[in-house]
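Just follow the structure's listing: the first ligand is 1, and inside any ligand the first atom is 1. Values below: all heavy atoms of this structure, side chains included; hydrogens, waters and symmetry mates excluded. What you are looking at is a predicted structure, and each value in this text was computed from that prediction instead of being measured.
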Amino acid sequence: MKILILGSGGREYSIAKAILNETEHELFFQPGNGATSALGTNLNIKDYNDLADFAKKNEIELTIVGSEAPLVDGVVDIFKSHGLTIFGPSKEAAKLEGSKVYMKNFLAKYNIPTARYIETASIEEAFKFTDTLSPPIVVKADGLCGGKGVIIAQNKDEAKIAISEMLSGKSFGDAGLKIIVEEFLDGYELSMFAVCDGDDYILLPAAQDHKRLLDGDEGPNTGGMGAYAPTPLVDEVLYQKVKDRIIRPTLEGMKKENAPYEGVLFIGIMVVNNEPITLEFNVRFGDPECEILMPLMTSSVADMFLKAATSRLSEIKVEFSSQFAVGVVMASQNYPFSSSIPAEIIVDESHHKEINEFTHISYAGVSEEDGTLYANAGRVLVSVGLGDSIKEARDRAYLRCGQVHFAGKKIRTDIAYQAL
Ligand code: AMP
Ligand code: GLY
């Protein structure tokens, strides 16, 4: 198949790698990164109508959208209006991530468990509700803020400052002019992914992410410094609760809203007293969760996306390896605060059978020049290890980390600690 993948991160790289592992496909990336050019052709076509024209002329049979911004901008609607097959939610359905107010009101309307909240644009109302909560208190900007729009305030004063700064437009511009104030949920967090075709879905193995920069969950929030799956923190009973109480009502609800949900539904879950509570939805895979879930799929990844994009998920059976996967992020020197000077990446050649067979690298923030890769931004790559236990997978991922060198590399050394 000729497949176009939208995005530039490790997520898109890992989808491409999984697809190429199966059989011959011809891949295109918009825009891709310095390493995806070795897997296919990187494009530079920013306008979505022009991109759809390219897809038509080049007989692209399937487009997979990796990142949220094109979805929220409506790329799926544009491609469909050109008669193209594309995997991802419509602009309307992407509001589940694009607007936290939409998402919370949707959850409330369909009785899907979530934290108690108010939605408001009024500072008085927000302060009044804040006074009814006991800290910590969670304040969220409505719109997309590049993963920075959630403040966990440790006391009421801090919450009120966050509220004032959001509602005045000071912290996030228009994205913060409406907010959610909600109760803090104390439990453990999971990332769950359902690949949906509007009616049916496939639930992937549950993962755990590590959002803080430093070991022991210290330091600032990041996009995620590592992940592992499947997590033993989820048993069949919990999977079933997530299906019955969150995924099924979401698919039914979105149909009633005339926005049937096609694409990846990423459910951020807090498990409180064995009950799964919805923290948030994202309308795409998680990063680095995608990088560890793709290698666990033993049935065809390309076919799953194609069937999901053409409302035929019920025709296939998706299968997963019985192994575990652990992904360790290597980030650039100044992540998550600012960009870093490009640094040459050197990967030692391995003569170690275990490393060659059970690990690989998924590249994200890299550029390429004359055949050399440079770490140039944010999260640079993910070292992925597979194994028959989480410990084995993790040991292997760290073995591979030891072979990757670039100036200023930053990693956590405790990925998957919750499971060990
Ligand atoms: P989000 O940007 O919505 O993914 O939220 C970022 C992170 O904030 C989540 O991954 C949680 O760790 C945390 N968070 C969000 N809402 C709550 C809540 N109500 N209670 C506790 N933690 C939360
Ligand atoms: N790793 C979490 C995210 O992609 O939002």
Side-chain angles (χ1 to χ4, degrees), residues 7-12 14-15 66-69 71 96-104 107 113-119 129-130 133-154 159 162 166 171-172 175-176 179-193 204 206-213 217 219-229 264-272 275-294 327-329 331 335-336 362 364 378-379 382 412 415 418:
S8 62
R11 191 169 41 195
E12 291 75 25
S14 69
I15 291 172
S67 47
E68 62 275 20
L71 295 168
L96 283 180
E97 174 164 0
S99 165
K100 292 208 193 298
V101 167
Y102 177 90
M103 181 258 300
K104 290 291 288 191
L107 294 174
T114 190
R116 202 160 59 83
Y117 74 105
I118 56 156
E119 158 223 336
F129 186 69
T130 299
L133 298 172
S134 41
I137 294 161
V138 185
V139 184
K140 302 184 174 183
D142 178 41
L144 291 183
C145 303
K148 298 194 166 58
V150 175
I151 306 291
I152 314 270
Q154 294 309 320
M166 281 188 199
S171 32
F172 303 114
I179 58 168
I180 298 290
V181 181
E182 70 181 23
E183 66 176 347
F184 179 83
L185 299 173
D186 196 6
Y188 62 89
E189 223 173 315
L190 299 173
S191 301
M192 298 261 238
F193 302 89
L204 307 192
Q208 265 199 314
D209 185 14
H210 301 62
K211 291 227 162 86
R212 301 299 196 95
L213 182 70
D217 294 326
N221 252 324
T222 71
M225 292 300 290
Y228 73 95
V264 179
L265 183 69
F266 170 174
I267 313 156
I269 293 173
M270 190 73 85
V271 182
V272 184
E275 301 300 329
I277 317 280
T278 313
L279 280 180
E280 53 152 358
F281 285 137
N282 294 304
V283 297
R284 35 99 192 156
F285 275 116
D287 188 346
E289 290 96 323
C290 187
E291 288 93 317
I292 53 154
L293 291 171
M294 287 299 115
V328 179
V329 168
Y335 183 71
S362 200
R379 291 176 292 169
V382 184
R412 271 181 68 157
I415 299 306
Q418 304 97 317

Are any of the side-chain heavy atoms of [X] and [Y] separated by less than 4.5 Å?
X: Phe285; Y: Leu204; result: yes
X: Phe281; Y: Ile267; result: yes
X: Glu280; Y: Val150; result: no
X: Leu144; Y: Glu97; result: yes
X: Met103; Y: Thr114; result: no
X: Glu289; Y: Phe193; result: yes
X: Cys290; Y: Arg284; result: no
X: Phe184; Y: Pro135; result: no

Proximal atoms of ligand 2 relative to [X] (non-hydrogen, under 4.0 Å):
X: Asp287; value: 1 (N), 2 (C), 3 (C), 4 (O)
X: Asp209; value: 1 (N), 2 (C)
X: Glu289; value: 1 (N), 2 (C)

Discussion item. Can you check atom 7 (C) of ligand 1: any protein non-hydrogen atom closer than 4.0 Å?
Written reply: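 Given the 4.0 Å limit, the answer for atom 7 (C) of ligand 1 is no, no protein heavy atom qualifies.
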Worksheet item: Non-hydrogen atoms of Gly286 versus ligand 2: any pair closer than 4.0 Å?
Response: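 It does, in that a heavy atom of Gly286 comes within the 4.0 Å cut-off of ligand 2.
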Item to complete: Report the part of Asn221 in contact with ligand 1, treating N, CA, C, O as backbone and CB onward as side chain, heavy atoms under 4.0 Å; options are side chain, backbone, both, neither.
Response: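 No part of Asn221 is near ligand 1 at this cut-off.
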Discussion item. Test of understanding: given a 4.0 Å heavy-atom threshold, classify the contact between Val138 and ligand 1 as side chain, backbone, both, or neither.
Written reply: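 Within the 4.0 Å criterion, Val138 contacts ligand 1 through side-chain atoms alone.
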Looking only at protein heavy atoms, which one is nearest to [atom], and how far off is it?
atom: atom 1 (P) of ligand 1; result: Glu280 OE1, 3.3 Å
atom: atom 20 (N) of ligand 1; result: Leu185 N, 2.8 Å
atom: atom 5 (O) of ligand 1; result: Val150 CG2, 3.4 Å
atom: atom 12 (O) of ligand 1; result: Glu189 OE1, 2.6 Å

Worksheet entry | Value rounded to 0.5 Å, distance of CD in Glu119 from CD1 in Ile179 |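 One finds 10.0 Å between CD of Glu119 and CD1 of Ile179.
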Discussion item. I want to know if ligand 1 touches Met270 in the polar sense, i.e. an N/O pair below 3.5 angstrom.
Written reply: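 For ligand 1, there is no N or O atom that lies under 3.5 Å from one belonging to Met270.
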Worksheet item: With a 4.0 Å cut-off, would you call Lys104 and Asp142 a salt bridge?
Response: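 Between Asp142 and Lys104 there is no salt bridge, as every charged N stays at least 4.0 Å from the carboxylate O atoms.
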For residues 219-229, which side-chain donor-acceptor pairs fall under 3.5 Å, sequence neighbours excluded?
unit_1	atom_1	unit_2	atom_2	d
Thr222	OG1	Lys211	O	2.7
Thr222	OG1	Gly224	N	2.8
Tyr228	OH	Gln208	OE1	2.6
Tyr228	OH	Thr231	OG1	3.0

If I apply the N/O under 3.5 Å rule, does [X] come out as touching ligand 2?
X: Lys211; answer: no
X: Asn282; answer: no
X: Arg284; answer: yes
X: Phe266; answer: no

List every atom of ligand 1 that sits less than 4.0 Å from any heavy atom of [X], numbering the atoms from 1 in the order shown and giving each element.
X: Phe184; result: 20 (N), 21 (C), 22 (N)
X: Glu183; result: 18 (C), 19 (N)
X: Glu182; result: 16 (N), 17 (C), 18 (C), 19 (N)
X: Leu279; result: 11 (C), 16 (N), 17 (C), 18 (C), 19 (N), 23 (C)
X: Ile152; result: 13 (C), 14 (N), 22 (N), 23 (C)

Worksheet item: Is there a side-chain contact (heavy atoms from CB on, under 4.5 Å) between Val382 and Arg11 once you walk through the steps?
Response: CA-CA 10 Å; Val382 184; Arg11 191 169 41 195; over 6 Å; no
Practice prompt. Using side-chain contact (heavy atoms from CB on, under 4.5 Å) as the criterion, list what pairs up with Glu183, not counting sequence neighbours.
Written response: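 If we apply the side-chain contact (heavy atoms from CB on, under 4.5 Å) test to Glu183, skipping adjacent residues, the hits are Ala115, Arg116, Leu133, Leu185.
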Worksheet item: Of the choices Lys211, Glu97, Lys140, Met103, which has the non-hydrogen atom that lies closest to atom 16 (N) of ligand 1?
Response: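 The residue whose heavy atom sits nearest atom 16 (N) of ligand 1 is Lys140.
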